[in-house]
Amino acid sequence: MVERQSLFSFLPHVILLIGIFIVAFPVYVAFVASTWDPATISNGQMPLWPGPHLVENYTQTLFQGTAKSSREPVGMMMLNSLIMALTIAIGKIAISIISAFAIVYFRFPFRMAAFWVIFVTLMLPVEVRIYPTYKIVADLGLLDSYLGLTVPLIASATATLLFRQFFMTVPDELVEASKIDGASAMQFFKDTLLPLSITSIAALFVIQFIYGWNQYLWPLLITTRESMGRPDGVADRHGDRRAGHAAAGAGGDPDAAALRQGPGRDREVRQFR
Amino acid sequence: MSEVVLDKVRKVYAGGVEAVRGVDIHVPAGAFCVLVGPSGCGKSTLLRMIAGLETITGGECRIGARRVNELEPAERDIAMVFQNYALYPHMSVYDNMAYGLRNRGTPKPEIDERVKEAARILEITPFLDRKPRALSGGQRQRVAMGRAIVRKPQVFLFDEPLSNLDAKLRIQMRVEIKKLQRALAVTSVYVTHDQLEAMTLADVLVVMNKGEVEQTGAPLDIYEKPASTFVASFIGAPPMNLVPVEAGENRPKAEGLTGGLGLAVPPGGAILGVRPEHLMVVTGAVPEDSLGITFPVSAVEAVGAETFVYGPIGGTGQDIIARLPGKALLAPGTPVSVAASAEHLHLFDRQTGKRIGP
């Protein structure tokens with residue numbers, strides 16, 4: 001047990017290397033594909049080493065858009081995604097930490113009712129309430145705006161629950177000590193609760209940022225102008241495989257890009273009514 | 001520094017549980033008052049009502065001349081030391097102590113001066129930049145004390161502050177709290193369930209039971225003249241021996257008891273109390289006015305400086321405890337005779353448990 005045979009330390013490494021290869025190879029192939037011209041990729045004989053079109057492909061996709069389909073550049077779309085994901089993540093955290101604070105630390109009428117109403121919204125994701133939500137956003141004239149893109153996605157029962165659970169583990173004595181120290185409710189929130197929640201906030205930010213970044217259906221509905229498009233605009237490039245592959249290599253994983261090529265951005269889908 | 005007065009204070013929780021049933025306590029300015037009692041007796045609730053962390057259902061609480069029933073905790077000019085210290089985990093020791101002063105808008109140089117002064121008194125100056133989690137239990141305790149004293153409040157409130165410390169540190173901190181309170185002369189109310197802590201710290205000792213005050217007074221007065229069987233068995237360790245007795249001819253009568261002449265027991269009988277430390281081994285005849293008890297030894301606990309001897313008395317099956325000095329050479333199974341002089345006897349009513357003599 002103490003002495004290790006060299007074979008026994010060698011074998012696990014071999015298994016690990018095989019694992020890395022299995023995971024990393026498709027990613028590598030996607031990258032290689034983004035460096036060849038469309039003809040090479042479509043004839044099915046793409047080499048396994050990078051080709052000569054790396055800089056050209058990437059500048060075109062990121063900054064110019066592809067000429068054939070006159071699409072927006074992917075760089076713009078990614079910037080939109082970033083704005084949207086940041087707004088959603090920060091908005092969700094801000095709203096839910098405040099509502100959790102109210103539910104845990106204040107005794108107001110219908111407190112538990114309010115809590116359960118928030119809880120029930122867990123069962124109503126955007127997809128379920130998509131028509132009324134779209135109608136409200138459209139009636140408010142918020143189509144094609146960042147506001148319309150983000151606000152309906154900001155309310156978050158998950159984050160509220162998480163903060164509520166965390167707040168309930170904070171000892172009551174801290175509240176009492178703050179009261180005796182002359183801190184108001186909001187001072188307690190700012191001076192004590194918020195610093196203690198930093199780790200929760202950080203973890204939640206990562207999750208909610210990814211949630212915002214991966215939004216697909218909602219932006220598809222709410223945006224009509226190409227300048228408001230997001231990387232899921234990648235899905236539209238039926239005719240332009242090179243751009244699709246490049247964007248996949250640059251902006252996302254190939255599986256997701258392939259998946260996104262499914263529904264496309266049809267006018268029928270957008271004209272919901 | 002001001003007095004604390006509780007006038008018929010009651011606490012009834014939603015649901016009808018009456019935790020505190022009309023308590024009257026007067027703590028003179030600068031005195032150290034200790035509330036002691038078993039868990040669930042309402043002592044912590046009472047303290048939290050003084051602090052303003054619980055509402056007062058009935059009666060009045062006054063600090064100095066002010067009625068404070070309706071005031072917020074911050075407006076009552078009190079400082080509290082919690083059982084688990086309740087230090088802000090994300091703030092340094094300095095900030096923990098300064099926080100209350102900052103919230104009150106105290107000027108910065110004054111905060112600095114007061115915090116440094118408190119740190120010097122409590123010998124925590126080297127730790128001012130540390131976070132609470134980097135401190136030992138005793139050091140956290142000091143920071144909690146520091147947070148209380150920088151405020152220079154009218155009243156200190158302590159909620160079992162030593163119960164999280166180990167036995168050795170507890171004794172050390174007990175002495176320090178007492179010294180500090182003497183030096184600052186701030187009126188203090190201290191809650192504990194440890195009768196030894198209560199006896200050593202208190203100027204005014206309040207023994208509580210089931211939401212009511214059983215007895216108030218100086219610790220030694222309470223030790224010497226407990227007002228009820230509850231107080232008698234709660235104050236002192238091991239607890240006072242309580243033996244049911246019948247009325248004899250001007251003396252108590254029970255199996256295994258002799259002497260006790262002059263101790264008048266009412267016709268219905270009573271409960272006779274005698275502290276274990278007042279029992280001495282006797283070999284010859286017991287003086288008529290002293291109380292003699294003869295019992296077979298069932299267990300002997302030698303702890304070095306003293307020996308505890310246990311044995312059943314009379315037909316009651318109740319164990320009697322004698323606390324004998326030094327090493328007592330007694331073997332289990334052999335009978336022993338002990339006696340207590342007349343001034344160490346207590347007589348309580350059999351029904352109410354209240355003291356009836358001598």
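Below, chains carry the letters A, B, ... as their sequence lines are ordered, and counting in each starts from 1. Every value quoted in this text rests on a predicted model; they were computed, and no experiment measured them.
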I'd like to know whether CZ of Phe110(A) has more than 12 heavy-atom contacts from other residues, nucleotides or ligands below 6.0 angstrom.
no
Do any of residues 60-77 of chain B have a heavy atom less than 4.5 Å from a heavy atom of chain A, and if so, which, in residue order?
Pro73(B), Ala74(B)
Neighbour count >12 (heavy atoms, 6.0 Å) for atom CG, Asp166(B):
yes
Taking atom CD1 as the centre, does Ile201(A) end up with more than 12 heavy-atom neighbours from other residues, nucleotides or ligands that are less than 6.0 angstrom away?
yes
Okay, Leu101(B) and chain A: the region with an atom under 4.5 Å from a heavy atom over there is neither
Ala86(B) and Ala177(A) have their tightest heavy-atom pair at O-CB, 4.0 Å
Please state whether the side chain, the backbone, both or neither of Ser178(A) comes within less than 4.5 Å of a heavy atom of chain B.
both
Members of residues 102-125 of chain B whose heavy atoms come closer than 4.5 Å to chain A:
Asn103(B), Arg104(B)
Kindly check if the number of other-residue, nucleotide or ligand heavy atoms within 6.0 Å of NZ (Lys210(B)) is above 12?
no
Between Met80(B) and Ile180(A) the two heavy atoms that sit nearest each other are CB-CD1, 3.5 Å
Using the rule side-chain contact (heavy atoms from CB on, under 4.5 Å), only one of Asp191(A), Leu196(A), Asp181(A) pairs with Tyr88(B); which is it?
Asp181(A)
Once rounded to the nearest 0.5 Å, what's the spacing between atom CD of Glu173(A) and atom CD of Gln83(B)?
8.0 Å
